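A quick note: this is a predicted structure, and the numbers were derived from the prediction, not measured. Throughout, protein chains are lettered first and strands after them, A, B, ... in sequence-line order, and every chain is numbered starting at 1.
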Amino acid sequence: MIELIDTNSAEIAAELQRARVRAGSPAMGMVMTLVIVVEADDAEGAMRAARAASHEHPARVLGVILGDARGAAEIGAQVGTGSGWTGETALIRLKGEVVKHPESVVLPLLLPDSPVAVWWPNHPPADPANDPLGRLAQRRITDAAAAARGKTKAMQQQCRTYTVGNTDLAWTRITPWRALLAAALDQQPLRVTRASVTAERISPSADLLAAWLADRLKVDVERMSSSGPGITEVVLETREGPIRIARADGKLATFSSPGRPDRPVALKRRDLPELLAEELRRLDEDDVYAETTRRLLKMETAK
Amino acid sequence: MSAKEIGNPLRDPRDRRMPRIAGPCGMVLFGVTGDLSRKKIMPAIYDLANRGLLPPGFSLTGFARRDWADQDFAQIVHDSVKAHARTEFREEVWQQLAEGFRFVPGNFDDDLAFDRLRRTIEELDELRGTGGNHAFYLAIPPGFFGDVVGQLNEHGLARPRTESWRRVVIEKPFGHDLQSARELQDILGDVFPSDSIFRIDHYLGKETVQNILAMRFANEMFEPIWNSNYVDHVQITMAEDIGIGGRAGYYDGIGAARDVIQNHLLQLLSLVAMEEPTSFDARALRIEKQKVLSSVTLPRRLDLTTARGQYAAGWAGGVKVPGFLEEEGIKRTSTTETYAAVTLNVETRRWAGVPFYLRTGKRLGRRVTEVAIVFKRAPHLPFADASTEELGQNALVIRIQPDEGVTLRFGSKVPGTQMEIRDVNMDFVYGGAFTESSPEAYERLILDVLLGDPPLFPRHEEVELSWQILDPVLEFWARQDEKGKAKPEHYESGTWGPASADAMLARDGRVWRRP
């Protein structure tokens with residue numbers, strides 16, 4: 001890693017170029033640029049997750065730390081390749097006036113003619129698509145569950161400002177649940193009459209799962225509280241009896257369905273790199289998420 | 001109303017995050033103690049479960065001549081998973097699988113044992129909800145296929161009830177010539193319908209092999225030059241640095257051509273040479289593959305256009321190694337080849353006049369599999385002769401393993417004041433994506449078996465066409481042996497094969513790439 005002090009985009013770009021040549025591999029086959037907007041304290045963890053995800057999606061990863069906006073503009077950067085990264089990375093610290101214009105720093109560093117994803121690990125803007133950095137990206141990844149407080153509000157806010165390209169890791173987290181529920185109805189194509197989702201009292205993922213079920217099944221979905229961790233039970237009522245997936249420990253679930261024996265299913269809560277890797281796999285519009293966000297808002301207003 | 005009519009409301013073709021999870025089913029594994037089972041199949045099953053792609057209640061039944069209980073079998077699987085699985089070991093995944101292990105002891109000719117197997121499967125349907133869907137994986141020598149398949153038939157294991165399936169999975173070799181391949185097909189085909197027979201060629205499960213189709217048919221820039229106007233010739237290489245190891249019993253009498261060219265290399269050839277399929281479903285792909293395989297011909301003079309060899313003692317990669325004839329279990333007079341090279345023509349408008357050179361061998365320079373499309377020289381070079389002396393032919397190389405990716409070789413000016421042109425390589429490496437996070441070939445293929453998704457499995461028509469191509473070469477070599485006219489030429493271990501292979505290309509004015 002090379003430390004650059006009092007620098008600018010051109011110098012960072014030049015250093016990335018030099019680092020490539022030093023690594024002896026001028027062609028890297030990178031497929032996208034990932035911009036991570038993060039606070040100083042959380043930068044290390046977020047960059048670690050991005051490094052793991054970069055193994056599946058070789059990318060230029062730009063960490064952007066937005067500091068205090070008062071005072072004279074100051075840019076510092078740590079630039080490098082290798083050491084566990086597939087691709088290249090720069091961690092850029094902004095201070096002073098330039099904090100209000102981070103896109104001016106990031107724009108010259110985007111890889112030519114390839115997709116851009118931006119990820120806010122903890123404090124997402126209220127309207128990601130109209131954020132200066134969000135505007136540069138095809139994919140804008142927020143995480144409502146990472147909000148320090150008001151997670152439920154944060155999720156609703158993201159649903160309200162949803163536009164093509166927005167996504168939230170709360171949605172990514174429930175893919176395994178959704179896959180298992182869909183597989184359950186593949187196995188026994190029963191008509192669902194009612195459903196319920198039980199989870200921690202505050203859980204954006206559970207709210208989304210309930211909204212998705214309501215939207216797809218066109219039935220009432222009850223949202224119930226438990227002490228967690230995460231989502232603990234989903235029940236689909238049918239005339240033949242309930243299809244139930246119960247997971248008490250956040251790892252192993254019990255799958256029960258009418259007239260069939262109970263079976264254990266591994267259903268682990270996934271960690272950040274896995275979520276991020278799934279999110280970067282597809283950069284086109286997620287229609288099902290779009291419909292789910294609309295349903296969630298409708299359900300909130302109906303309350 | 002049935003399921004198909006109303007559809008599953010939770011499914012949506014636009015919902016592409018959702019992984020494909022196999023429906024309720026189980027697998028019966030014959031030959032549980034073999035390398036294939038322990039190193040590939042069992043770890044792949046665990047990895048699939050870990051990725052959440054196996055259905056709840058999935059059950060694995062082992063069948064072998066061992067005096068084991070269910071938990072002994074579970075222990076074998078446990079050990080193999082710990083040693084060979086690609087994903088991390090997680091207790092909860094193991095718990096999901098563990099309740100579904102069964103073991104049935106017995107011989108392949110033991111009626112009682114197959115009766116027990118049937119009861120075990122019925123019990124699993126009851127207790128684990130496998131729904132009557134079972135795949136029989138024959139990880140055993142092909143000599144036993146007949147016995148096992150016959151027994152499955154006799155004990156009513158091969159016929160599914162309505163709305164369920166029974167499938168059989170086999171591994172190469174699919175016969176040792178056209179005749180035996182047909183006999184094998186007759187044995188299997190009597191009991192299982194064609195679309196229930198899954199032949200595993202693990203090469204076709206590899207990401208890079210599937211990427212050949214993506215590269216050819218998703219791009220505009222390669223297709224226009226993918227023909228005899230621009231391509232000079234094609235080299236398909238699969239080299240191994242190891243010897244036959246402990247596989248003397250299997251390898252002696254089989255040889256490199258049957259072991260590798262008939263299946264892997266001809267499959268690669270068909271993917272590289274085929275026309276664009278009308279869609280990517282199994283039927284459309286099969287039609288194109290069969291078309292191209294049936295247009296493959298051999299040159300008339302097989303003595304000039306094929307080569308074979310045996311590795312001799314030598315130093316390979318800094319290690320002193322014995323020659324093939326000194327390996328344990330190999331007769332000193334064996335004429336089994338450990339290196340084989342053939343020249344093939346593809347008689348289509350696209351490929352007329354473009355030879356395809358296929359080679360494979362053991363104890364070669366390094367372990368590598370690649371397809372090299374070598375282009376013609378530029379028709380006119382507006383440079384002084386001296387400045388293009390170092391310029392070779394352009395080449396596009398699809399690297400299958402290791403180091404999966406694509407290399408483009410072209411001429412570029414040497415920096416300096418003189419006009420001097422030399423070859424440079426541009427490498428594309430798709431990061432770790434092809435190697436680390438993506439599923440191993442066996443995972444992909446086993447999942448496809450359970451889903452009943454056939455595009456990646458060769459059908460018996462393809463197998464028979466491949467033997468039709470190769471049989472004349474094998475017969476020619478056998479005749480030479482009989483007459484004592486020629487024998488496999490020895491080549492030093494750790495080199496790139498016998499001199500006759502180099503001579504074979506030199507006759508056409510070409511050279512092998514050093515891969």
Which of G131(B), A98(B), P24(B) touches chain A most, by non-hydrogen pairs under 4.5 Å: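 Among G131(B), A98(B), P24(B), the one with the most close pairs to chain A is P24(B).
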Measure Q95(B) against the heavy atoms of chain A and call it side chain, backbone, both or neither at under 4.5 Å. both
Can you tell me which portion of I21(B) sits under 4.5 Å from chain A's heavy atoms? Options are side chain, backbone, both or neither.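 Answer is side chain: those atoms of I21(B) sit under 4.5 Å from chain A.
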Using a strict threshold of under 4.0 Å (side-chain N to carboxylate O), is an ion pair present between [Y] and [X]?
{"X": "K268(A)", "Y": "E91(B)", "result": "no"}
{"X": "D15(B)", "Y": "R178(A)", "result": "yes"}
{"X": "E291(A)", "Y": "R14(B)", "result": "yes"}

Using non-hydrogen atoms and a 4.5 Å limit, figure out which bit of [X] sits close to chain B: side chain, backbone, both or neither.
{"X": "S257(A)", "answer": "neither"}
{"X": "R216(A)", "answer": "both"}
{"X": "W177(A)", "answer": "neither"}
{"X": "D284(A)", "answer": "side chain"}
{"X": "D215(A)", "answer": "neither"}

Pairwise distance [atom1]([X]) to [atom2]([Y]) - rounded to 0.5 angstrom:
{"X": "D186(A)", "Y": "R20(B)", "atom1": "CG", "atom2": "CZ", "value": "12.5 Å"}
{"X": "L217(A)", "Y": "L10(B)", "atom1": "CG", "atom2": "CG", "value": "4.5 Å"}
{"X": "R11(B)", "Y": "L181(A)", "atom1": "CZ", "atom2": "CG", "value": "10.5 Å"}

[X], [atom1] atom: more than 12 neighbouring heavy atoms under 6.0 Å:
{"X": "D220(A)", "atom1": "CG", "answer": "no"}
{"X": "R281(A)", "atom1": "CZ", "answer": "yes"}
{"X": "Q75(B)", "atom1": "CD", "answer": "yes"}

To check you understand the geometry: which heavy-atom pair defines the closest contact between A179(A) and P19(B), and what is its length?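 Heavy atoms of A179(A) and P19(B) come nearest at CB-CD, 3.6 Å.
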Of all the heavy-atom pairs spanning A182(A) and N8(B), show the shortest one and how long it is.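 That would be O-ND2, 2.8 Å.
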Among Q188(A), R263(A), E278(A), which residue forms the greatest number of heavy-atom pairs with chain B at distances under 4.5 Å? R263(A)
Heavy-atom pairs under 4.5 Å with chain B - which of R282(A), K218(A), R260(A) has more of them than the others?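 Top count of heavy-atom pairs under 4.5 Å with chain B: R282(A).
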Treating Q96(B) as the side-chain partner and A266(A) as the backbone partner, does any N or O pair qualify as donor plus acceptor under 3.5 Å?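 Confirmed, Q96(B) side chain pairs with A266(A) backbone.
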Before you tell me yes or no, could you show the steps for T172(A) and R17(B) under side-chain contact (heavy atoms from CB on, under 4.5 Å), namely the whole-Å CA-CA distance, both residues' side-chain angles and the distance that decides it to 0.1 Å? CA-CA 9 Å; T172(A) 325; R17(B) 285 173 192 265; 3.8 Å; yes
